[in-house]
Amino acid sequence: MKTRQEYIDSLRRLNLEVHMFGELVTNVVDHPLVAPSMNAVAATYEMAQGDIMTAVSHLTGNRINRFTHTHQSADDLVRKSKMERLMGAHTGTCFQRCAGMDALNTLSVVTYNIDRAHGTGYHERFLKFLEYVQKEDLVCDAAMTDAKGDRRLRPAQQADPDMYTHVIREDSDGIVVRGAKLHQTGALNSHEIIVVPTRAMRQEDKDYAISFAVPSDTAGVIYIYGRQPSDTRKLEDKTYDVGNVFYGGHECLVVFDDVFVPWERVFMCREYEFATEIVEKFASYHRQSYACKAGMGDVLIGATQTIAEYNGIADVPHVKDKIVEMNHLNETIYCCSLACAHEGAPEPSGTFYVNSLMANITKLHVTRVPYELARMAHDIAGGAVATVPSEKELRDPRIGKYVEKYMKGVASVPAEARMRVLRLIESLTMGMGAVCYLPESMHGAGSPQAQRIMIAREINMGVKQRAAKRLCGID
Ligand code: SF4
Ligand code: FE
């Protein structure tokens, strides 16, 4: 396994085309807007010890980072949920490495199923790629969400044929692809980009039914940085005004401008009827992964309890009750994620898959709970959460003494501590940290309606109706 330093050095060797604020970024690793997110991924390397964060490869028998593992038991799935929560609480942000893990697991299931139906050789290719990812301890970006154009139209019906990523040419060496993937979490911190389809496909869409992996610095792959609220605070000289002084996240718009992919890295090509299975499997695995939000919830609850103490209101009954409510809601996410993992079962390829109904329940809770926690954190923190002066004012020789005096709560706690925790709550609920905690909870791994559709499909209504009818004597 790589050390933190080896991971950072490996990123320095990448030659990515990155565009940010009107400029071409030459040194991505040290860029102040990227470094906090790279630190969050680096934490997955630093923490790689013990049987939560590591696993034994079923391919080589070697100990590997769990983010590169394919689940060989329900116990593996449970450890994955535990890892997600642990890392969420450790970093207080998106640590970006889970979608790649979820794509690896999805492909380990679906390539096998495609081969069984079509006599293709995708699974063996995929296993070679997986072994490479495990051996080199790589970060994979899972690229699913296409531009989608007119949402009512299918891929082949769009006015612009590139609204969904597709094959534009092929020859005996490989395929050439064009399109874009949006909201790519941690793209700049990744070694590999794994592309999977974003929706069900029909025969007329078959050029869009593709899956492949390319090294992140492949010619024609272009990264366009996505702005976050208050992101330029990261450009200020390392003040605590960023809120989370160690870690952050980022997303990119990733363009595939006629990118060549050799056949040995193609895991699906035109087997359109398997697009649905890839989407559903990936979605369920990633919906389980949202135990990360329970970890981020731990941070928000910890910050809220702290500001309650600093404001002198921690013993007020309604505040205590709200903190209990925050914990109750937050643990619900974790309960759901653990449940879908415990109920996991093997697929024909041998990889264990979560209980998909429960994974969807997990994620539907995640679309609501963080917003409710943010509301309660604001309630308890008070209006200062949105009006704290900058750190520079606290340090100012003329007015610093006023900031220190009037930003104080209880006498025993310095104003700076109170301002720091307010900044953390601000960031998690309204600032750059909120990108990972709120909209990501809403739309990451699919928007709430996608979970409702899956829940409607997977509940066994017949069993419920039979139970009811029997008990009231209906034949
Ligand atoms: Fe992992 Fe959560 Fe970030 Fe998704 S949102 S990549 S599950 S930390
Ligand atoms: Fe996500």
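Order of listing sets the numbers, starting from 1, for every ligand and every atom in it.
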[X] with [Y]: basic N within carboxylate O range, under 4.0 Å:
X     : Y      : answer
Arg85 : Glu331 : yes
Asp30 : Arg12  : yes
Glu84 : Arg79  : no

Using non-hydrogen atoms of the residue, decide whether His286 is closer than 4.0 angstrom to ligand 1.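 Yes, His286 has heavy atoms under 4.0 Å from ligand 1.
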
Determine how many protein N/O/S atoms sit closer than 2.8 Å to atom 3 (Fe) of ligand 1, leaving waters out since they are not shown.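 Number of qualifying protein atoms: 1.
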
So is Lys135 actually on top of Tyr132's ring, under 6.0 Å and inside 45° of the axis?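 No, cation not above the ring by the 6.0 Å, 45° rule.
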
Report the residues that fulfil ring-ring contact (aromatic ring centres under 6.0 Å, His included) with [X], sequence neighbours left out, ordered by chain and then residue number.
X      : answer
His166 : Tyr208
Tyr334 : none
Tyr112 : His123

Tell me whether Ser289 has at least one N, O or S atom under 2.8 Å from the Fe ion (ligand 2).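 Short answer: no, not a single N, O or S atom is under the cut-off.
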
Atoms in ligand 1 with a heavy atom of Lys293 nearer than 4.0 Å: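 So the answer, numbered in order with elements, is 2 (Fe), 5 (S).
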
So which of the N, O or S atoms of Glu440 lies nearest the Fe ion (ligand 2)?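 Among the N, O or S atoms of Glu440, the one closest to the Fe ion (ligand 2) is OE2.
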
Donor-acceptor pair, side chain of Lys128 and main chain of Glu264, under 3.5 angstrom: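 It does not hold such a pair.
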
